[in-house]
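Here's the structure, in structure tokens; my notes come after.
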Amino acid sequence: MLDAYAARSCPVKTYNAFDPFVEQPSVPDDESLRESFQGGRAYRELVLDHLAANPDAVDLRECDPAARQSQTLAALAAGASVVVAPKLPADREGGRSGQPDALVRDDGAPDEAPGYWPLKVKPYRVTEKETGSTQLLGSVADSIARRSPTPGLRFRSYREGVLLELAHHWRMLEALGYATHTPWACVVGQSRNPDSKPRGTWLLLSNKFIRTFSRTAGYKLRSPLERYDHEFRFRLHVAESAIQHTPDDDAPPVVRPIRVKECEWCPWWQVCLPRMDRDDLSLRISKAPLDVRELQTLAGLGIHTVPQLAEADIDAILPAYLPQTTHRDRSEQRLRQAARRARMLAKNVSLERISTEPIAVPRATVEVDLDIETNDDGLVYLWGALVSAPGESPRYVAFSRFEALRNSDEVRLAEEFAEWLCALHDEHPDLLVYHYSDYETVHLRQLSQRSRNPALKEAVTLIPDHFVDLFRYTRDNFVGVDGLGLKVVATEGAGFHWRDEEPGGLASIAWFTQAISDPDPAVREAARIRVMQYNEDDVRATLALREWFDHIDADA
């Protein structure tokens, strides 16, 4: 029996779950539980409250678990408009188990018995804007069956997983005899506006709008039901193969572990990892990694590990490789990039120059290195600058707000920074401001649109001629095994080291939260100092980076 997540999940998980000789993990393999911990539990309960407010709805959340299945069947037989938190009987012939979040009645034609549509609640947005689109229907959760067109929106294609879950529940309804003739299904995703009423997005599971690829058929549009049936049949095959596994079976398993993003939270990871070569491509190449199909194609060519790819003749394997990887844009470039990284790993080289011309970063008499920090709402609470001038040691200047920020606080802080920067520019007209990627300039432009402050407007006019993005110079001249983030390049190339043992943008968000909310004043102050030192090290790192660029050019 496979649940609704099986068709959308790694098939190796299915194999492990049914292999009688594999020890079950101590943490249950429950993807719905992970979604709850990601903030989905509270939102799900909110939506279910709205669904339970529908006329003639039956809410089974407080029902005795042992009686929930019988209560579900009774609600369906009575023609409830909505059944909240139902439990469907297992489809033993089809090998399916699982529970949708709700079932919504479709009254259908007058001479037909009512059928039901499955509904799932997800803690993320499932739609995006598309001019002219008329493909979607929507409804508010309080009147969930009252559907109407939602023009200008389309379903987010990368949210395919929830469609496979809904198709799974549709097949269960079909086996039970409560599926309608037309396979509609509903997903209630979160809105950008937290104060808006939950809305359902309705999709026809028989519509062919999922773009798939196979080696035999190439690109093809398939419906969610077709996609689900294909994936589910394969998982059943994997489960049956695992059940038949014996200790003396020398045949390789039907699936082998490949490291994917899902492994980060999968309880089976500690089972899979020992089975993999320590030089497996999916383990070692983490930046711009090859996807599962690309890795499987290489495996079919006898290339599984970093040393094998490092030694491979790429030109020789391309005729066999490219026809099987046309699902990816720039497939050849991706393979060559992976091969370069494999050669670097084989030589134990972290950063490699790919250019011969001077890097030639522009310099000025007075220079400013700039870095910002944002909180978990994306609001800028710190503008950090390092000022370098002739005859002086570099001087760190910071504009910060260590408090619970409002939008107006963020704007005012940006205005303070802009007033300081413009005054410095007035004094030194050739001033240059260095940053790494466009994070700082994007925020500066966005904040200027929310302010009438003339200095903030003027600071934006300085961007084209006085701001220098060091990432562009790095990207054009280097390739890194672990990418080209500032931490990687400044450490491996310029030899710079941060004072903090675990520097990083995500860590700084946690430090800021601690700095403004911890009940212990000493802890708050220590966290504030940690953030300030981290930011100062970031701007000192960009100074070290361009000085290293100059040193490379001088040596050349």
Side-chain angles (χ1 to χ4, degrees), residues 1 3-5 30 32-33 35-36 40-92 94 96-123 126 137-148 162 165-190 197-205:
M1 306 296 293
D3 65 17
Y5 286 88
D30 188 343
S32 62
L33 186 63
E35 286 186 347
S36 295
R41 179 179 297 166
Y43 182 67
R44 179 177 180 271
E45 289 303 311
L46 170 68
V47 173
L48 296 187
D49 286 342
H50 281 271
L51 293 173
N54 280 264
D56 300 321
V58 173
D59 188 352
L60 299 179
R61 282 178 289 177
E62 300 300 324
C63 177
D64 180 353
R68 182 171 290 179
Q69 179 175 305
S70 61
Q71 292 294 317
T72 297
L73 294 176
L76 296 180
S81 63
V82 179
V83 184
V84 176
K87 182 178 181 181
L88 295 174
D91 172 15
R92 299 198 176 279
R96 298 179 180 89
S97 65
Q99 304 178 109
D101 291 320
L103 296 170
V104 181
R105 187 182 69 201
D106 169 30
D107 292 327
D111 58 344
E112 293 180 1
Y116 284 84
W117 298 313
L119 179 149
K120 290 290 292 183
V121 181
K122 292 297 179 181
V126 298
L137 299 178
S139 61
V140 294
D142 305 79
S143 303
I144 195 66
R146 192 176 300 168
R147 299 172 296 165
S148 60
V162 67
E165 292 178 56
L166 289 166
H168 180 93
H169 296 306
W170 172 264
R171 291 298 188 206
M172 293 187 71
L173 285 169
E174 190 176 45
L176 191 61
Y178 276 101
T180 56
H181 178 70
T182 307
W184 287 96
C186 181
V187 55
V188 182
Q190 279 189 307
K197 283 189 175 182
R199 287 187 59 84
T201 297
W202 291 86
L203 300 111
L204 193 56
L205 298 179

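Computed from a predicted model, the values in this text were never measured in an experiment.
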*Which one of R61, K197, R44 satisfies the salt bridge (charged side-chain N to carboxylate O under 4.0 Å, His left out) criterion with D49?*
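Among R61, K197, R44, the one that satisfies the salt bridge (charged side-chain N to carboxylate O under 4.0 Å, His left out) with D49 is R61.
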
To the nearest 0.5 Å, tell me how far [X] [atom1] sits from [Y] [atom2].
X: E165; Y: K122; atom1: CD; atom2: NZ; value: 3.5 Å
X: T72; Y: L60; atom1: OG1; atom2: CG; value: 5.0 Å
X: D91; Y: M172; atom1: CG; atom2: CE; value: 6.5 Å
X: R92; Y: S97; atom1: CZ; atom2: OG; value: 9.0 Å
X: Q99; Y: K120; atom1: CD; atom2: NZ; value: 9.0 Å
X: Y116; Y: D106; atom1: OH; atom2: CG; value: 10.0 Å

*With P100, which of L166, L88, L119 fulfils side chain to side chain contact (heavy atoms under 4.5 Å, CB included)?*
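Testing P100 for a side chain to side chain contact (heavy atoms under 4.5 Å, CB included) against L166, L88, L119 leaves exactly one candidate, L88.
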
_As a test of understanding, state which of V104, L51, D56, V58 forms a side chain to side chain contact (heavy atoms under 4.5 Å, CB included) with S81._
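Of the listed options, the one satisfying the test is D56.
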
Taking all atoms of both residues into account, what is the closest heavy-atom pair of [X] and [Y], and its distance?
X: W184; Y: L137; answer: CH2-CD1, 3.6 Å
X: C186; Y: I144; answer: SG-CD1, 4.1 Å
X: P198; Y: V47; answer: CB-CG2, 3.9 Å
X: V83; Y: A75; answer: CG2-CB, 3.9 Å
X: C63; Y: Q71; answer: SG-CG, 3.6 Å
X: A80; Y: R105; answer: O-CB, 3.5 Å

_Partner set under side-chain contact (heavy atoms from CB on, under 4.5 Å) for S70, not counting sequence neighbours_ =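 Once residues adjacent in sequence are excluded, the partners of S70 under the side-chain contact (heavy atoms from CB on, under 4.5 Å) criterion are A67.
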
*With distance as the sole test, does D59 use its side chain to make a donor-acceptor pair with the main-chain N or O of A52 at under 3.5 Å?*
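Side chain of D59 to backbone of A52: no pair is present.
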
*Is there a donor-acceptor pair closer than 3.5 Å between any side-chain N or O of S139 and the backbone N or O of R147?*
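Between the backbone of R147 and the side chain of S139 there is no qualifying donor-acceptor contact (under 3.5 Å).
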
*Are any non-hydrogen side-chain atoms of L73 and L176 less than 4.5 angstrom apart?*
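Sidechains of L176 and L73: in contact.
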
